[in-house]
Structure formats: structure tokens, C-alpha cells
Number of protein chains: 2
Amino acid sequence: MALRHAVLAALLDEELSGYQLTKAFDLGVANFWHALPQQLYAELAKLEQDGLIAGREVVQEARPNKRLFQVTEAGLAELERFAATATKPSFIRDDLLVKVQSADHVDTGALIAQLTERAAFAEAKIGLFDELLRKMRGDRSEQEYLRHGERIGPYLTCLRGLAFEQGNRDWCERAVTVLRERRSGSRPAVRTTVATQQPDGPE
Amino acid sequence: MALRHAVLAALLDEELSGYQLTKAFDLGVANFWHALPQQLYAELAKLEQDGLIAGREVVQEARPNKRLFQVTEAGLAELERFAATATKPSFIRDDLLVKVQSADHVDTGALIAQLTERAAFAEAKIGLFDELLRKMRGDRSEQEYLRHGERIGPYLTCLRGLAFEQGNRDWCERAVTVLRERRSGSRPAVRTTVATQQPDGPE
DNA sequence: AGGCCCATGTAATCTGTTACATGATTCC
DNA sequence: GGAATCATGTAACAGATTACATGGGCCT
């Protein structure tokens, strides 16, 4: 039950509509969580029912009306409670890693193409994060902002997002280099035969 | 539909039983994917039904019998096909980031405790990854292994896992430092009032 | 005697994804 | 005239987590 809290956390900084939330959680940034529009609209409805957020209608002329949501006192209390509970470690779950894991047995050309694409995607996100951090800092130095800036939460999660994407980019580039080098000195890929394991043998 | 392929990828290197697979996917390493035992047993059953893996019974005396699974030619073909499909980017989804995002509004003591715990967890995984990499390399240098080592796939995913956990550790430590410094120069946390947004106003 | 490791699952529930739906306005 | 943006959903399905179940052997 954490999307719930991710939405609350996102609404702490500013009042947002469902649509604006989807922008933050979808492509673009998604610093600290990711979710699709459908999930967000559903979650907003539940949160409002439970009194953790309050919505107010904003009538617009040129565009459809929208509802802006704000965290209530009860919502803040719920976040506080959540923040105090123990946190389970998070795990990697990435299709690209699965593909690279099988690099010895599949076509590396396809892998190289996908690693290159991912590196470019990571680079783009790095740019977005850099810009976001600069905006938050304004004219202050990072040192200064970390000590006294308001919104240290968003700043820190953004730093994690940045480092994560830098890690992605660097790894993808390295993997591409390695796979290319190996292809130039290529021998045909051979299916390795599995040794027969004896009952109760040493593991 | 990617757990399927993660299991296939894990079985490429060696024949494993369901139980042994759970060890690889659960705590411990989980270099490139994570899953619980129940999912794995279910997935193994489906994969066998579909002819992508083949199991053979190993009778044991001192322990319960087990079934070891091996990827079939059809399974390898399926992985090959999977590796050639486009890969969607993966996103962060971590409760700890959600908590840190709300750092300006919740008790930072609890956050510091959890960040410290996570840093320790990351450190432990770093140790495991280091050891795994050393084992794969044997007496060869990393340069040498990257160029000519067998099992480059597992080596590369392990490198990503290592970098990811180093990123976690570094970020957690930094966040702890920042939050501590701010606490020492502490003023009471104030609930910021949200500015009222006008219809069709600039966004 | 109690707890952990091996070994394998079922069942219920919760979460996330894919596909589909609607309708006005603004930009090219 | 067609695509993109704003704005909000419903329905069906796939994937993941939590809880529960079983049973022998080994270690302290």
C-alpha cells in the first residue's frame, strides 16, 4: 500500500489535479515512484473517500474543469505513520537486465541496440533531473541548499533519481563496449552442456 | 511476462531446482530480478507445461527429493525472441524514496534510522556482489574477463547490481548527513499553506 | 524440545498493466 | 483536417504479495 503514500507525498508540495499528477508520475520525471493515469485517478478517489485528501473544483472556460487536491491533516498523519514503519529493501526488476543476463546465449546485436537506446533515455532523464535541481536551488550553491533549502525531501529524491540514471547510462555504455569488443574477436556461440548432478552431491 | 524470461535466463548457466532458484531470486543476490518462492514454483510449472524447460527427478536419501530444471531448445528460442523485442525503461519504485520525499513534513528521526538501515543492507549486498564477481573472474583481471571470460551476461548484470547498491549506500549516507545537519540547526517544522490557484492561471 | 534448512506447493488478496471510452480546444 | 493537450475515467487481465500448509532431517 505505497502508491497511496506516494500520492500524498506528491501533494505535499503543491495542490495538483489528477492530470497534473499523471504528468509527474508518468514519463518525464517520476523521481520517487511511477504510476499510470488510471491508477492515480483511482487512488485519488479512494484517498478522498478516506478523507486523506480534499478536492476542490476549479471551473475553467477554455478547458475542461478540473479538481485540485490537497492533503488534509488526517492525510499528513497517515504519512507520518507510514514514514515511521520499517522499510523493506527494494529490488531491481528490469527486462533489460534479464536480456543481458542471457548475453552468452542470444544475439548480441539486438542487445547492443537496446543498451544504446537505454543509454540515450538515461541521458535525457539526467538532463531533466539536472534542470529540476537547478530550479529548486535557484542561485544558491548545492551545499547551501542542502543545509537550509526548503523542500529538502524533493531535492534528495531527485538526487537519487539523477544518480540512478547516471548509473544506468554508464553501465549501458560499458556493456555496449564490452559486447562490441567481444564480437570483433568472435567465435560462434556454443550451447554449453550441463554437467549431470549426482544425488546428494556437494552444492 | 518477464518473470518467465528471468527464470529461463537463470537456468541457462546451470540446472537448478525450484528451491535453489528461490535462493537466487530471494534475499542473497537477486542480481537481475526478484521473485518469491510461490511465483517461482508456479512459473516453473507453466514453463515445463509449455515445453520451455525440462525437469528431471533427483532422488535423495537424507533430504526430500528434488527436480532439477534445464532450458530446452524451445526455451532458448523463446529467450532469443524476447531479447530481440523492444525494452521499456524501468522505473524506480521504492518506499524509502516516498518517505524521504516527505522529509519536510514528517519526523526526520525515523527517516535517519531507516536510511542508516538501508545503507547497511546495501553494504552487505556490495560485499556479496564483490565476492561473486571475484569468483567468476577467478585469477583473471577484470579487463581480461570482460574480453574473454565465459558467462559475460551474469558478470555484466552483477556489475549493474553492484553499482546500484553502491548508489544506494552513497545516497543513504549523504541523506543522513544532510538531515542530521539540518536537525542541529533546527526550527520547528511548519505546515506550508498552499497558494490558492486561480482558474486558467499560468502553470 | 524448539528452531532452522530442505523442498514444494495452494488460496486469497492486492497491485499494476493493457485496452478502451469520451469530448472540447489548441496548434500545425 | 489531423494531431496533441487537457481532463477523467471503466473493465478486463496479468503479475506480485501475504497467509497458510506439509513433513522429514539436522543442530543445539
Side-chain angles (χ1 to χ4, degrees), chain A residues 1-7 15-28 30 33-49 55-69 87-95 98 197 199-203, chain B residues 1-7 15-28 30 33-49 55-69 86 88-95 98 197 199-203:
Chain A
M1 240 210 268
L3 171 60
R4 202 176 177 68
H5 303 104
V7 171
E15 229 183 359
L16 293 172
S17 67
Y19 187 81
Q20 291 173 303
L21 255 190
T22 67
K23 292 297 149 195
F25 276 73
D26 197 40
L27 30 125
W33 200 265
H34 172 255
L36 300 168
Q38 301 91 318
Q39 259 181 294
L40 292 171
Y41 284 111
E43 201 61 52
L44 285 170
K46 271 190 266 171
L47 282 165
E48 194 179 21
Q49 267 198 323
R56 65 184 183 87
E57 184 91 15
V58 174
V59 179
Q60 298 183 126
E61 305 221 328
R63 300 158 178 290
N65 296 344
K66 61 181 172 183
R67 304 195 64 219
L68 295 179
F69 295 93
T87 314
K88 276 174 271 186
S90 73
F91 296 101
I92 287 183
R93 194 169 270 165
D94 186 342
D95 285 8
V98 174
Q197 187 174 341
D200 270 350
E203 282 156 15
Chain B
M1 236 209 271
L3 171 61
R4 203 175 177 68
H5 303 103
V7 170
E15 229 182 0
L16 293 172
S17 67
Y19 186 82
Q20 291 172 301
L21 256 191
T22 66
K23 292 298 148 194
F25 276 73
D26 199 41
L27 29 125
W33 201 267
H34 172 255
L36 299 168
Q38 299 90 316
Q39 261 182 293
L40 292 170
Y41 283 111
E43 200 60 52
L44 284 170
K46 270 189 267 170
L47 282 165
E48 194 178 19
Q49 267 196 324
R56 64 184 183 86
E57 184 91 16
V58 173
V59 180
Q60 297 182 125
E61 306 221 328
R63 299 159 180 289
N65 296 345
K66 61 180 172 183
R67 306 194 63 217
L68 295 179
F69 295 93
K88 276 174 273 187
S90 72
F91 296 101
I92 287 182
R93 194 169 270 166
D94 186 342
D95 285 8
V98 174
Q197 187 174 341
D200 269 350
E203 281 157 14

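Note that the structure is a prediction, hence the values are computed from the model and not measured. Labels below follow one simple rule: chain letters A, B, ... track the order of the sequence lines, proteins then strands, and each chain is numbered from 1.
With Arg93(A) contributing its side chain and His34(B) its backbone, the two residues share a donor-acceptor pair below 3.5 Å.
Per the geometry, CG belonging to Asp95(A) stands 13 Å off C1' belonging to dT17(C), to the nearest Å. Following rounding to the nearest Å, Gln60(A) (CD) and dT8(D) (P) show an atom-to-atom distance of 9 Å. Between the NZ atom of Lys46(B) and the P atom of dT10(C) there is a distance of 12 Å, given to the nearest Å. At whole-Å resolution of the value, NZ in Lys66(B) and C1' in dG25(D) are 15 Å apart. Here the P atom of nucleotide dT18(D) and the CG atom of Leu40(B) are 15 Å apart, to the nearest Å. Atom CG in Leu47(B) sits about 12 Å away from atom P in dG15(D), given to the nearest Å. Rounded to an integer number of Å, the gap from Leu21(A) CG to dG9(D) P is 12 Å. Protein atom CG of Leu44(A) is 14 Å distant from nucleotide atom P of dA7(D), rounded to whole Å.
Of the side-chain N and O atoms in Tyr19(A), none sit less than 4.0 angstrom from OP1 or OP2 of dT8(D). An OP1 or OP2 oxygen of dT17(C) is reached within less than 4.0 angstrom by a side-chain nitrogen or oxygen of Gln39(A). The phosphate of dT18(C) has OP1 or OP2 within less than 4.0 Å of a side-chain N or O from Lys88(B). Under 4.0 angstrom from either OP1 or OP2 of dG9(D) there lies no side-chain N or O belonging to Gln38(A).
Here the shortest heavy-atom pairing between Asn65(A) and Gln60(A) reads OD1-N, 2.8 Å. The two residues Trp33(B) and Asp94(A) make their nearest non-hydrogen contact at CZ3-N, 3.4 Å. Summarising the geometry of Gly18(A) relative to Leu44(A), their closest heavy-atom pair is CA-CD1, 3.5 Å, with the distance given to 0.1 Å.
The distance from atom CG of Asp95(A) to atom CE of Met1(B), rounded to the nearest 0.5 Å, is 12.0 Å.
Within 4.0 Å of Arg93(A), counting heavy atoms only, lie sugar-phosphate atoms of the nucleic acid but no base atom.
Between Met1(A) and Pro64(A), the one whose closest nucleotide on DNA chain C sits nearer the 5' end is Met1(A). Each of Ala2(A) and Thr22(B) was assigned the nucleotide of DNA chain C with the nearest heavy atom; the assignment lying further toward the 5' end belongs to Thr22(B).
The side chain of Arg63(B) lies closest to dC6(C), out of dT26(C), dC6(C), dG9(C).
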